[in-house]
Amino acid sequence: MSSESSDQVLDYPLRAPSALEPPAEWAQLRQGCPVAHIRLPSGDKAVLLTRYNDVRQVLSDPRFSRNLAQDGAARITTNEGGSVFENPEAASLAGGESHQRWRRLINRAFTVKRIQALQTKIEAMANQLVDAMVKKGPPADLVSEFAFPLPVWVIADLLGIAVDDRDKLAYWSNAMLTMTQFTQEEVNRAQMEFAQYFMGHIAAKRANPGDDLLSELITATDKEDVLTERELLMTGQGILVAGHETTSNMIGKMMSMLLADRSRWEQLLANPSLIRTAVEESLRFDANMGFGLPRFISEDTEVAGQPLPRGTTVVCSMSSANRDESFFEGAGEMKLDRAPNAHITFGAGPHSCLGQALARTELQTTLQVLLKRLPTLELAVKPEELPRREGLLVGGIEKVLVRW
Amino acid sequence: MGMRVLVEYEKCCGAGQCVMVAPKVFDQRDDGIVVLLDETPPPEQYKAVQEAVTVCPGAALRLEESA
Ligand code: HEM
Ligand code: SF4
């Protein structure tokens, strides 16, 4: 597998002291061991990159994909179904020309112009969620009452799914991704139910197109025969899996970081024009991003002056890269007005997050609405007691209790 | 002496960061690929353009001095 060496092998993922703090090893690895040997939960070996330039180099390299359903690639877990990275069906969308074609098509729904047109709707959804929180009264769990529903409501809208069906969508999405909380049977059932529902939904949109992304894809597909029925389904599922939990978690983490040191929240109250850069800095400063991005090295290459032989599985830690002192001035400090801020939270290069304009708009709108509606917001627990999510792939906070 | 914006279109991954940061200088086609609105932007745009160059996830943008 990876290169022979008697170096120490670290068990991965590394354990951080609390939900908002980085593991102590990062700084040491960046300093002394930028290409570190790790053991994954499956027992397979891989290599961990922690420096900004190295992470960026590997993620931007179009030769390497995240598809680990290949001979010789490390497995992340020994789970029956494997992780989202080992799904051979997603493979056609994971790299190469078919990926480019797919990406161009989907991107139509995610251009900045399209997302900005969606902003008023997102704001209305956020206000509706705050209305319910206010009606119930404090304390509230910002995760289950706000951060969890908002992104899935937005995706439902994007896919032209009726308001009445969006709670079902939320359940399936949760079950398909949060493998730890559900039995394999429940996961399989959710996958099947979602597939059934979505195929029906595609048929309904084909008969009666609306102005949503799905209708647009179907129309394009009918004209040029570009996406098969199966690919449409994988796209719907992909958007749900890529865009729901990630954004929910990020809302929870952003709010926790801003309220953990309340002077940050106060700085935003005094100067709301900092919202844009504060969102970017929250994305950079998030120490709890979970696993990182895997890449399968399909041709011999070199990183940080060290050879990476073909067949190596690499894990890129964006969270560590985002705290690289040699790239970010005062990397260990959260500066709400940092600009430019070339954090690598959304990846880089041909696979970088397609939904990033949408994610940014959701995060900015969250701040706008919460600053305006609940200016007295504060954490109802100590920051070091915020309960972490124990899921393997995406890091997050289980519950963010707040009062106002 | 002004500044000129250079785009390597084949590197653009259509994420629209440039449009968010410097909407006077960059736009996107329907499929997300960048459109350069102003190849030689006025000095008051330099800071925004520089930011776009730095944060572009595709490393598709450059800012050069033009004669
Ligand atoms: C804060 C929230 C989010 C974070 C941190 C995030 C992060 C990422 C990252 C790191 C990648 C790159 C994966 C790789 O290189 O292998 C990615 C890809 C992707 N993301 Fe996001 N994402 C977020 C929100 C969203 C949203 C809201 C959507 C859409 C609704 C979305 C859709 C996608 C898609 C479709 C891809 C695959 C792109 C491709 O393979 O070309 N993401 N995301
Ligand atoms: S920021 Fe870079 S990759 Fe994104 S649209 Fe602009 S030029 Fe393309």
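Note on naming: letters A, B, ... go to the chains in the order of the sequence lines (proteins, then strands), and numbering restarts at 1 for each one. A quick note: this is a predicted structure, and the numbers were derived from the prediction, not measured.
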- Query: Just wondering, do B:Arg29 and A:Thr111 contact through their side chains at under 4.5 Å, heavy atoms?
  - Reply: no
- Residue pair B:Val19 / A:Lys113, side-chain heavy-atom distance below 4.5 Å: no
- Near B:Arg62 CZ, under 6.0 Å, is it more than 12 heavy atoms from other residues, nucleotides or ligands?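 No, CZ of B:Arg62 has 12 or fewer neighbouring heavy atoms, counting only those of other groups under 6.0 Å.
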- Over 12 foreign heavy atoms within 6.0 Å of CD, A:Glu329: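 Result for CD/A:Glu329: open.
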- Check whether any side-chain N or O of A:Gln356 sits under 3.5 Å from a backbone N or O of B:Gln17 as a donor-acceptor pair, and report yes or no.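 The answer is no, because no donor-acceptor pair under 3.5 Å joins these two groups.
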- Item | Check: A:Asn107 side chain, B:Gly14 main-chain N or O, donor-acceptor pair, under 3.5 Å | yes
- Query: Between OG1 of A:Thr277 and CD of B:Glu51, what distance do you get to the nearest 0.5 Å?
  - Reply: 8.5 Å
Between chain B and each of [options], count heavy-atom pairs under 4.5 Å; write down the option with the most.
options                                : answer
A:Arg276, A:Gln116, A:Arg360           : A:Arg360
A:Arg114, A:Glu280, A:His343, A:Arg56  : A:Arg56
A:Ala342, A:Gly347, A:Ala339, A:Pro340 : A:Pro340

- Task: Quick one: which of B:Gly58, B:Ala60, B:Ala15 has the most heavy-atom pairs under 4.5 Å with chain A, could you say?
- Result: B:Ala15
- Message: Out of the candidates A:Pro350, A:Ser60, A:Ser352, only one should pair with B:Pro57 under the side chain to side chain contact (heavy atoms under 4.5 Å, CB included) rule; please name it.
- Response: A:Ser352
- Against chain B, label A:Arg103 side chain, backbone, both or neither, depending on which of its atoms sit under 4.5 Å from a heavy atom there. side chain
